[in-house]
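For reference, the structure is listed below as structure tokens.
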Amino acid sequence: MTERGLLLPGIGDVGIAALALMLAGMGIAMIYSAGQVEVPSVATGIWVRQLFWLGIALGAFAVALLLLAVVLVIGTGPNTRSWLSFGPMRLQPAEFAKVATILLLARTLGARQEPVTRLTQLWKPVLIVFLPFALVLLQPDLGSALIFGVILIAALYWAGVPLSKIFLLMSPGVSLLLGFDAAVWGGWFLLLVAFLYFNRPYLSESIAVVLANVAAGALTMPLWRSLAPYQQNRLVVFLEPGIDPRGAGWHLIQSKVAIGSGGWFGQGFAAGPQKRLAFLPEQHTDFVFSVVGEELGFIGVAVFLALFAAFLWRVLRVSVESEDAFGNSVVFCLFAIWFAHLIVNLGMTVGLMPITGLPLPFLSYGGSFLLFLFLGLGIVQRVAAER
């Protein structure tokens, strides 16, 4: 045992693995509970599939550890042993695209020697993220697409890019979100112009940022009309759930009722009435946290949040303590993804954020997402073992 936790040679931080397994076990239990309903539901019996995917994920986790250990022996690459060549690989699912994007971003930013003084120096990382972002957005999967933005921000921040440059780079996205209201967008635009005036970036850079924000604001309504009706409804009911209480607002209203009815100790495992009577939609995926709140109450929610906080803290420590620029960047990006999923999912179940469909790590049903979690965990463990 050390200050860094329990480390085993070639394996990594046992504490992180133990916390991940506890969270995954809690997820299996809550998905099982979500299927215990009075009315037949797609969630009934689906916990078996999640258990099956957990087995695959654990196998992939072991393989990831093995491959990352093998790469130290037979890996190739200039000056390092960082790559294993298996021929061309295709990563189409968004979850695996996240891993590929993180690895490529870390390699690209890690190779940069000079400090970033102009936005044009960031064209490579922006292009790396934009390609999967656009492809996922075309599916359309708005929630997963936004995660690629989180990856870019995390990677740039960890690479030491000035916060002012990150702010300017992301400003068109803010204009895109605020373009629904001319007055709100106008206030944002004046704030942006003031920021440019006081920070004095290059003139060409300032002009490009202004034009990009104007274009993004003008694209808001066309992009809105291109969204599927259910995606539009999710954003509308975020502002006013009561506007469609039997339609798009039903999810959020029932989620709040379920969480509020849990009290301190909950209704009891598998005994939540909102869930059992099928009032709570998507109780095994997007709104599994509502099941936790209803059945386990404040105490159960506190235990889950404590476990997840401990997990994230240990992952962050691995990133901070690693001396390898590539490894610590990858781990920090994984930390940012998992943290973003947690915040967005919890926020949408209590009405603080729009419903985007982002799953809750380790608890929500979803085989590919669980597989991504444990692949990422394998990478974290490899970096932890090399500290």
Side-chain angles (χ1 to χ4, degrees), residues 5-6 13-38 41 43-48 50-51 54 241 250-317 335 337-353 355 358-366 369-370 373-374 377:
L6 181 57
D13 193 318
V14 176
I16 291 178
L19 287 166
L21 287 174
M22 283 190 285
L23 287 166
M26 185 177 182
I28 296 291
M30 298 317 302
I31 292 172
Y32 165 81
S33 175
Q36 306 305 301
V37 295
E38 305 298 335
S41 166
T44 303
I46 207 169
W47 69 274
V48 178
Q50 185 76 348
L51 186 61
L54 177 60
W250 178 262
H251 293 66
L252 181 55
I253 293 172
Q254 297 305 317
S255 175
K256 288 182 176 180
V257 171
I259 295 174
S261 67
W264 280 96
F265 302 102
Q267 303 285 346
F269 179 68
Q274 292 292 115
K275 177 215 66 184
R276 294 196 67 91
L277 297 176
F279 287 113
L280 181 64
E282 306 297 335
Q283 68 267 36
H284 61 300
T285 53
D286 294 355
F287 291 92
V288 70
F289 180 75
S290 306
V291 179
V292 176
E294 180 182 35
E295 298 187 347
L296 304 183
F298 178 83
I299 301 300
V301 168
V303 169
F304 164 70
L305 292 179
L307 287 174
F308 209 97
F311 171 76
L312 288 177
W313 173 246
R314 295 185 78 102
V315 170
L316 184 60
R317 285 180 59 188
F335 162 83
I337 291 177
W338 295 335
F339 181 74
H341 270 269
L342 175 70
I343 296 300
V344 172
N345 185 276
L346 298 189
M348 73 184 194
T349 58
V350 297
L352 296 179
M353 291 187 178
I355 299 174
L358 285 181
L360 184 60
F362 297 107
L363 263 67
S364 290
Y365 172 78
F369 184 59
L370 190 65
L373 288 172
F374 277 88
L377 182 60

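Please read these numbers as outputs of a predicted model, since none were measured by experiment.
Across all their heavy atoms, F287 and T349 have their closest contact at CD2-CG2, 3.8 Å. Heavy-atom minimum distance, M22 versus L307: CE-CD2, 4.0 Å. In terms of heavy-atom proximity, L342 sits nearest to P361 at N-CD, 4.1 Å. Among all heavy-atom pairs drawn from V301 and G293, the shortest one is CG2-CA, 3.8 Å. Of all heavy-atom pairs between L363 and L23, the closest is CD1-O, 3.6 Å.
M348 places a side-chain heavy atom less than 4.5 Å from the side chain of N345. Two residues are said to be in side-chain contact when any heavy atoms from C-beta on lie closer than 4.5 Å; F339 and L316 fail this criterion. Taking 4.5 Å as the limit, every side-chain heavy atom of V303 sits out of range of all side-chain heavy atoms of L296.
For A340, the side chain to side chain contact (heavy atoms under 4.5 Å, CB included) partners at least two apart in sequence or on another chain are I147, V150.
Remark: I343 CD1 to L358 CG distance equals 12.0 Å, nearest 0.5 Å.
Within the 3.5 Å criterion, the main-chain N or O of P359 finds a donor-acceptor partner in the side chain of H341.
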**OP:** Please assess L346 against L360 for the test side chain to side chain contact (heavy atoms under 4.5 Å, CB included), listing each intermediate value before the final yes or no.
**Re:** CA-CA 8 Å; L346 298 189; L360 184 60; 4.2 Å; yes
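Aromatic ring orientation, F304 versus F289: tilted (interplanar angle from 30° to 60°). Between F362 and F311, the ring planes lie perpendicular to each other; the angle is over 60°, past the 30° to 60° tilted range.
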